[in-house]
Amino acid sequence: MTEFEQAVIEVLRTLAPGDVVTYGEMATEAGYPGAARAVGRLLATKSSVEDLPWWRVVAASGRLIPHDPVRHARLLKAEGVEVRDNRVVRRQS
DNA sequence: CCCCTGACTAGAA
DNA sequence: TTTCTAGCCAGGG
């Protein structure tokens, strides 16, 4: 487990149901500003083996994950997050 | 050490 | 609005 991994996972675990953050924010919060891309890579690989609320992380544009946006949307809606056309609706940014 | 990949991002076409 | 381009970053080969 690398330092980067646990840092990101730690932040991820602080998210409560209904919360939504971007990859960039995750990276910054974890102490690795600019590593948004690395965060995505991490979730893409570890989310399946680890037990993480990966669905609370979205792209800065609000876009959902590319391989299975349907599942992503379903999980978010289950927590009360508004999703329209594979996009998280952002109010007040 | 070099090179490539990707659940990223901001900005330009 | 959609597609490209050019930076970014940690991992893995």
Side-chain angles (χ1 to χ4, degrees):
Chain A
M1 181 70 86
T2 69
E3 189 184 320
F4 172 71
E5 290 180 346
Q6 33 183 339
V8 174
I9 291 176
E10 192 179 329
V11 176
L12 192 56
R13 292 193 188 292
T14 66
L15 301 180
D19 288 351
V20 178
V21 297
T22 70
Y23 295 90
E25 293 172 336
M26 281 293 298
T28 300
E29 288 298 308
Y32 293 74
R37 208 165 184 174
V39 172
R41 188 185 76 51
L42 172 59
L43 295 186
T45 57
K46 286 284 185 175
S47 65
S48 50
V49 293
E50 298 286 326
D51 182 32
L52 309 168
W54 57 267
W55 57 90
R56 295 174 191 159
V57 185
V58 176
S61 60
R63 277 214 92 33
L64 302 181
I65 62 176
H67 85 273
D68 195 350
V70 180
R71 186 156 85 92
H72 198 169
R74 179 167 55 67
L75 288 166
L76 287 174
K77 289 180 180 177
E79 297 189 337
V81 179
E82 189 175 352
V83 179
R84 259 138 48 182
D85 190 53
N86 292 322
R87 280 219 178 194
V88 172
V89 180
R90 286 277 221 182
R91 304 190 186 80
Q92 314 298 321
S93 277

Participant: Of the nucleotides B:dG6, B:dA7, B:dT9, which has the atom closest to the A:A60 side chain?
Facilitator: B:dT9
Participant: Which nucleotide wins on minimum distance to the side chain of A:A35, given the candidates B:dG6, C:dC9, B:dA7?
Facilitator: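 Minimum distance to the A:A35 side chain belongs to C:dC9.
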Participant: Under 4.0 Å between a side-chain N/O of A:T2 and OP1 or OP2 of C:dG11, yes or no?
Facilitator: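 Answer is yes, contact under 4.0 Å.
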Participant: Rounded off to whole Å, could you give me the CG-to-P distance for the A:D85 and C:dT1 pair?
Facilitator: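 Interatomic distance, CG of A:D85 to P of C:dT1: 10 Å.
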Participant: Rounded to the nearest 0.5 Å, how far does CD of A:E3 lie from OH of A:Y32?
Facilitator: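 Rounded to the nearest 0.5 Å, the OH-CD separation comes out at 3.5 Å.
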Participant: Specify the closest pair of heavy atoms between A:V70 and A:N86, including all atoms of both residues, with the distance to one decimal.
Facilitator: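 Shortest heavy-atom contact: N-OD1, 4.5 Å.
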Participant: To check you understand the geometry: which heavy-atom pair defines the closest contact between A:E25 and A:T22, and what is its length?
Facilitator: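 Answer, listing the atom of A:E25 first, then A:T22: OE1-N, 2.9 Å.
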Participant: Tell me: OH of A:Y32 to C1' of C:dC9, nearest whole Å?
Facilitator: 11 Å
Participant: Take the protein atom CZ of A:R41 and the nucleotide atom C1' of C:dG13, then report the distance between them rounded to whole Å.
Facilitator: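 Taking atom C1' of C:dG13 as the reference, CZ of A:R41 is at 13 Å.
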Participant: Between A:K46 (NZ) and C:dC9 (P), how many Å, whole number?
Facilitator: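 It works out to 22 Å between those atoms.
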Participant: Drop me the distance from A:L12's CG to A:E5's CD, to the nearest 0.5 angstrom.
Facilitator: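 Reported to 0.5 Å precision, the distance equals 12.5 Å.
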Participant: Please classify the nucleic acid contact of A:S47 as base, sugar-phosphate, or nothing, using heavy-atom distances under 4.0 Å.
Facilitator: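 Contact class for A:S47: base.
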Participant: To the nearest 0.5 Å, what is the distance between CZ (A:F4) and CD1 (A:I9)?
Facilitator: 10.0 Å
Participant: Given the C1' atoms of B:dC1 and C:dG13, what is the spacing between them in whole Å?
Facilitator: 12 Å
Participant: Can you figure out which of C:dG7, C:dG11, B:dA7 approaches the side chain of A:R37 most closely?
Facilitator: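 Closest of the options to the side chain of A:R37: C:dG7.
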Participant: A:E5 side chain: which of B:dA7, C:dG11, B:dT9 is closest?
Facilitator: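 Nearest to the side-chain atoms of A:E5, counting from C-beta on, is C:dG11.
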Participant: Can you tell me how far P of C:dA10 sits from CD of A:Q6, to the nearest Å?
Facilitator: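 Roughly 15 Å, once rounded to whole Å.
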Participant: Closest to the A:T22 side chain: C:dA10, B:dA7, B:dT9?
Facilitator: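 Among C:dA10, B:dA7, B:dT9, the one nearest the side chain of A:T22 is B:dT9.
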Participant: Base, sugar-phosphate, or nothing: which does A:F4 touch, judged by heavy atoms less than 4.0 Å apart?
Facilitator: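 Counting heavy atoms under 4.0 Å across all strands, the contact made by A:F4 is with sugar-phosphate only.
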Participant: Between B:dT9, B:dA7, C:dC9, which nucleotide gets closest to the side-chain atoms of A:A36?
Facilitator: B:dT9
Participant: Would you kindly give the CE-to-C1' distance between A:M1 and C:dG11, to the nearest whole Å?
Facilitator: 14 Å
Participant: In whole angstrom, give the distance that lies between atom CG of A:N86 and atom C1' of B:dA7.
Facilitator: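 To the nearest whole Å, that distance equals 13 Å.
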Participant: Between B:dA10 atom P and A:Y23 atom OH, what is the distance in whole Å?
Facilitator: 14 Å
Participant: Across the strands shown, which category fits A:A44 at heavy-atom distances under 4.0 angstrom: base, sugar-phosphate, nothing?
Facilitator: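 A:A44: base contact, heavy atoms under 4.0 Å.
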